[in-house]
Amino acid sequence: MAQEEGGSLPEVRARVRAAHGIPDLAQKLHFYDRWAPDYDQDVATLLYRAPRLAVDCLTQALPGPPHSALILDVACGTGLVAAEGPSTRC
């Protein structure tokens, strides 16, 4: 996968469909390992909003100023939620 220019919208959509269609865990892990270098760029192509929505939800749910919250992020991913965190916009 590792592309120089990134994928077009149809290519990225096809990659996402392919990821969801892999039933075997070992094959899925291999697929994501190969996709990892391009993942952030691909989800940006899709205008992926989940990281921003997650931060907005946490900001509303947690008491006190956002910078005082301690959150352990144990989810899979590439750190897009942390990059969207309130400290980037406060």
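Basis for what follows: all heavy atoms, side chains included, without hydrogens, waters or symmetry-related copies.
- Judged as a side chain to side chain contact (heavy atoms under 4.5 Å, CB included), and not counting sequence neighbours, the contacts of Pro10 are Ser8.
- Atom CG of Leu58 sits about 12.5 Å away from atom CD of Glu84, to the nearest 0.5 Å.
- By the side chain to side chain contact (heavy atoms under 4.5 Å, CB included) test, Arg13 pairs with Leu9, Arg17, Leu46, sequence neighbours left out.
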Only pairs under 3.5 Å count here: list side-chain donor-acceptor contacts from residues 25-33, not counting sequence neighbours, and write none if there are none.
from  : atom 1 : to    : atom 2 : distance (Å)
Lys28 : NZ     : Ala19 : O      : 2.7
Lys28 : NZ     : Ile22 : O      : 3.4

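- The two residues Arg15 and Gly7 have their closest heavy-atom pair at NH2-CA, 3.9 Å.
- Between the CD atom in Glu11 and the CG atom in Asp38 there is a gap of 10.5 Å [rounded to 0.5 Å].
- Within the model, atoms CD of Gln41 and OG1 of Thr78 stand 12.0 Å from one another, a figure rounded to the nearest 0.5 Å.
- With a 4.5 Å cut-off on side-chain heavy atoms, Tyr48 and Val16 do not count as touching.
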